[in-house]
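This report concerns only the one structure given below.
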Amino acid sequence: MSEINPDAIATIIADRLQKIRNQIPPEVKLVAVSKYTTIAAIRAAYNAGVRDFAESRVQDAKLKQSELAALTDITWHMIGSLQSNKAKQAIAQFDWIHSIDRLSLAEQCDRHISELGKSPQLLLQVKLADDPNKSGWSESELIADLPNLAKLANLNIVGLMTILPLGLDESQAYDVFSRLGELAVQLRSRGWHNIQELSMGMSADYAIAVKAGATIIRVGSQIFSGYS
Ligand SMILES: *Cc1c(COP(=O)(O)O)cnc(C)c1O
């Protein structure tokens with residue numbers, strides 16, 4: 001399948017995208033997670049209308065962004081965990097960062113935004129169930145950090161992001177996703193009116209996430225599998 005036949009890639013990827021779009025309302029933003037895929041496959045998705053692409057490593061993104069520099073209307077999303085020493089590059093390279101997962105990173109970003117004069121849309125990553133492999137604030141930790149976050153005047157925080165722990169059934173997944181929406185409501189009621197976006201749902205669970213109120217889904221393998 002990874003033999004390079006651009007026409008075949010174009011058809012297959014356009015077809016997969018259509019199947020996904022058929023299942024989600026038009027106002028839900030479909031972010032194509034390109035972290036494991038090729039430039040040819042990204043171009044195929046672009047030609048099928050995708051403008052939002054996500055990467056999980058700053059360095060990989062840099063290579064792809066330079067190869068695709070002619071496609072100036074791509075919006076690049078950072079979804080991977082971010083070491084503090086990569087924060088500056090991430091601010092410089094991405095239009096959105098979904099993975100602001102701790103106060104110290106938020107503070108770094110605040111500084112770099114003012115240095116660089118560039119302010120991406122930021123999502124706070126929340127961990128809604130215990131999962132040693134995932135980072136993010138718990139609900140109570142995030143509430144406790146709000147006064148400190150509020151001091152970071154350069155941050156353009158527009159929503160929340162979560163990654164589901166493995167092994168949940170459909171109704172458990174729905175419940176966890178719903179809690180992200182409830183948390184956003186709670187934050188708005190505390191004055192964080194810009195927290196409107198809910199980035200949740202991947203290939204395996206985006207339909208459930210959309211039912212639970214996702215405004216952004218992050219889909220990789222269901223678009224790109226076979227083209228890595
Ligand atoms: C890789 C990744 C995705 C996409 O996962 P798929 O299961 O391939 O759709 C979405 N979100 C994050 C944070 C990821 O790291």
Side-chain angles (χ1 to χ4, degrees), residues 1-2 9 12-24 28-38 41-42 44-45 48 50-64 74-83 86-87 90 93-102 105 120-129 131-137 158-170 172-174 176-177 179-180 197-228:
M1 203 139 128
S2 53
I9 294 185
I12 290 168
I13 286 181
D15 205 57
R16 291 174 178 177
L17 285 165
Q18 193 54 51
K19 289 200 179 98
I20 296 166
R21 290 199 180 105
N22 287 343
Q23 293 183 63
I24 64 172
V28 172
K29 189 192 291 292
L30 170 60
V31 174
V33 178
S34 51
K35 64 186 178 195
Y36 296 137
T37 202
T38 61
I42 295 174
V50 175
R51 292 295 178 271
D52 291 273
F53 291 91
E55 288 288 321
S56 60
R57 288 163 180 273
V58 171
Q59 215 46 43
D60 295 349
K62 199 176 187 118
L63 292 172
K64 288 177 183 161
I74 289 183
T75 296
W76 288 100
H77 299 249
M78 173 65 186
I79 59 172
S81 63
L82 204 48
Q83 293 171 296
K86 297 278 170 60
Q93 278 175 237
F94 290 92
D95 306 296
W96 290 67
I97 301 175
H98 295 225
S99 43
I100 304 296
D101 59 4
R102 58 194 188 278
L105 179 61
Q121 321 245 44
L122 303 180
L123 305 178
L124 304 178
Q125 183 171 347
V126 179
K127 184 165 63 170
L128 294 165
D131 183 342
N133 300 315
K134 297 287 175 282
S135 54
W137 278 278
V158 298
L160 304 177
M161 180 274 228
T162 199
I163 303 172
L164 219 54
L166 295 174
L168 302 187
D169 68 25
E170 200 166 313
Q172 290 168 325
Y174 180 85
V176 173
F177 285 143
R179 276 171 47 207
L180 196 70
E197 304 287 347
L198 298 176
S199 168
M200 55 188 195
M202 314 185 356
S203 289
D205 50 34
Y206 68 82
I208 305 167
V210 167
K211 275 191 205 129
T215 64
I216 302 173
I217 59 173
R218 311 176 307 267
V219 181
S221 50
Q222 200 162 126
I223 302 169
F224 295 119
S225 76
Y227 301 106
S228 57

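Note that ligands are numbered from 1 as they come in the structure, with each ligand's atoms numbered from 1 the same way.
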Which ligand 1 atoms does [X] reach within 4.0 Å, using its non-hydrogen atoms?
{"X": "V219", "value": "9 (O)"}
{"X": "R218", "value": "4 (C), 9 (O), 10 (C), 11 (N), 12 (C), 13 (C)"}
{"X": "I163", "value": "13 (C)"}
{"X": "S203", "value": "6 (P), 7 (O), 8 (O), 9 (O)"}

Would you check whether Y36 has a nitrogen or oxygen atom less than 3.5 angstrom from a nitrogen or oxygen atom of ligand 1?
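There is no such contact.
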So, does [X] use its side chain to make a donor-acceptor pair with the main chain of [Y] at under 3.5 Å?
{"X": "T37", "Y": "Y227", "answer": "yes"}
{"X": "Q23", "Y": "A207", "answer": "no"}
{"X": "R179", "Y": "L128", "answer": "yes"}
{"X": "S56", "Y": "G80", "answer": "no"}

Select one of side chain, backbone, both or neither to describe which atoms of S221 lie under 4.0 Å from any atom of ligand 1, heavy atoms only.
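Both backbone and side chain.
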Where on I79 is there a heavy atom closer than 4.0 Å to ligand 1, on the side chain, on the backbone, on both, or on neither?
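The answer is both, backbone and side chain.
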Is there a donor in the side chain of H77 and an acceptor in the side chain of D95, or the other way round, less than 3.5 Å apart?
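No - no donor-acceptor pair under 3.5 Å links their side chains.
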Report the distance from atom OG of S81 to atom CD1 of I100, rounding to the nearest 0.5 Å.
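Atom-to-atom, S81:OG and I100:CD1 are 11.5 Å apart.
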If you measure from atom 10 (C) of ligand 1 to every heavy atom of M202, Q125, Q222, which option wins on shortest distance?
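The nearest heavy atom belongs to M202.
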For atom 2 (C) of ligand 1, what's the nearest protein heavy atom and its distance?
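It is K35 NZ, 2.6 Å.
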So that I can tick it off, tell me whether D60 and K64 are bridged by a salt bridge, with the cut-off set at under 4.0 angstrom between side-chain N and carboxylate O.
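Salt bridge: no.
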